[in-house]
Amino acid sequence: EVQLQASGGGLVQTGGSLRLSCATSGFTFDDVTIGWFRQAPGKEREGVSCISSDGSTYYTDSVLGRFAISSDNAKKMVYLQMNRLRPEDTGVYYCARLSGWGIGVPTTMPATVFDTWGQGTQVTVSS
């Protein structure tokens, strides 16, 4: 069974850091892209960052220079290091899988192309 499980969320002050983890199982890291999305109350789900099996990465503009995505293929884990957090980073963070994209990553992160989703983890940044 394909599964993804996000963890590592919490409450942090503005300027603080958190590291999210996405544990995966039931599939290999061959030709897959793992993405992080977030959803704030009353807003649409937003693609934050993703990483492909060839190491290509994508970041939405608002997190460039503050967030870093990485993967440990042997452990089948994907991480999102979030630094200099802002109140607008608040939301439920989800990890999701995209299979069979090929080389690189999508130039945007439409949620519709990601086929499997994990449960979210809440990130709250206080001002």
Side-chain angles (χ1 to χ4, degrees):
E1 181 184 4
V2 174
Q3 290 185 324
L4 299 95
Q5 179 64 55
S7 63
L11 172 64
V12 65
Q13 291 184 333
T14 296
S17 298
L18 284 172
R19 187 195 195 206
L20 304 185
S21 298
C22 177
T24 75
S25 61
F27 62 97
T28 66
F29 269 30
D30 297 327
D31 196 17
V32 294
T33 295
I34 304 297
W36 286 99
F37 292 78
R38 64 188 178 192
Q39 189 163 20
K43 295 188 176 181
E44 292 188 356
R45 192 168 295 189
E46 173 191 24
V48 175
S49 180
C50 64
I51 186 167
S52 70
S53 53
D54 68 3
S56 300
T57 58
Y58 162 88
Y59 297 93
T60 193
D61 287 348
S62 64
V63 308
L64 275 172
R66 300 189 298 122
F67 290 13
I69 193 169
S70 62
S71 65
D72 184 331
N73 290 1
K75 295 182 179 179
K76 300 176 70 175
M77 297 285 294
V78 174
Y79 307 98
L80 186 67
Q81 177 67 43
M82 306 188 297
N83 300 321
R84 304 202 310 274
L85 283 161
R86 305 167 179 169
E88 53 264 39
D89 295 318
T90 293
V92 178
Y93 282 69
Y94 302 87
C95 57
R97 182 192 74 165
L98 163 61
S99 296
W101 184 261
I103 296 173
V105 292
T107 54
T108 61
M109 281 182 63
T112 53
V113 303
F114 286 76
D115 54 70
T116 307
W117 294 76
Q119 291 181 314
T121 185
Q122 176 71 45
V123 172
T124 303
V125 185
S126 63
S127 58

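Please read all numbers here as calculations on a predicted model, not as lab measurements.
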Is it the case that more than 12 heavy atoms not belonging to Q119 sit under 6.0 Å from its CD atom? no

Nearest 0.5 angstrom please: Y58 OH to L64 CG, how far? 8.5 Å

d(T112 OG1, R45 CZ) to nearest 0.5 Å is 12.0 Å

Short side-chain to backbone donor-acceptor contact, Y59 and I69, under 3.5 Å: yes

Which heavy atom of V105 sits nearest to which heavy atom of S56, and what is that distance? CG1-O, 3.5 Å

Which residue pairs satisfy the salt bridge (Lys or Arg N to Asp or Glu O under 4.0 Å) criterion with at least one member in residues 85-94, sequence neighbours excluded? R38-D89, R66-D89

For the residue pair L4 and I34, establish whether any side-chain heavy-atom pair is separated by less than 4.5 Å. yes

What ring pair (Phe, Tyr, Trp, His ring centres under 6.0 Å) pairs are there with at least one residue in residues 70-101, not counting sequence neighbours? none

Using a 3.5 Å distance criterion without hydrogens, assess whether the side chain of S52 forms a donor-acceptor pair with backbone atoms of T33. no

Can you name the nearest heavy-atom pair linking S99 to V32, along with the distance? OG-CG1, 4.2 Å

Atom CD1 of residue position I103 - does it have more than 12 heavy atoms of other residues, nucleotides or ligands inside 6.0 Å? no

Are V125 and M82 connected into the same hydrophobic cluster when the rule is that any two of I, L, V, M, F, W, Y join if their side-chain heavy atoms are below 4.5 Å apart? yes

Determine the minimum heavy-atom distance between S53 and N73, stating which atoms define it. O-ND2, 4.5 Å

Where does the angle between the aromatic ring planes of W117 and F37 fall among parallel (under 30°), tilted (30 to 60°) and perpendicular (over 60°)? tilted

Could you see if M109 belongs to whatever hydrophobic cluster contains V78? Use Ile, Leu, Val, Met, Phe, Trp, Tyr and a side-chain cutoff under 4.5 Å. no

Validation: residues 11-23 side-chain donor-acceptor distances under 3.5 Å, sequence neighbours left out:
| from | atom 1 | to | atom 2 | distance (Å) |
| --- | --- | --- | --- | --- |
| T14 | OG1 | S126 | O | 2.7 |
| S17 | OG | N83 | OD1 | 3.0 |

Can you find a side-chain donor-acceptor pair between Q122 and T124 that sits under 3.5 Å? yes

Mind checking whether R97 and T24 have side chains closer than 4.5 Å, heavy atoms only? no

Please find the pair of heavy atoms, one from P106 and one from T108, that lie closest to each other, and give the distance. CB-O, 2.8 Å

Relative to F27, does K76 satisfy both conditions: NZ or CZ under 6.0 angstrom from the six-membered ring centre, and within 45 degrees of the ring's axis? yes

Using side-chain heavy atoms (C-beta onward) and a distance below 4.5 Å, is L98 in contact with C50? no

Treating S49 as the side-chain partner and W36 as the backbone partner, does any N or O pair qualify as donor plus acceptor under 3.5 Å? no

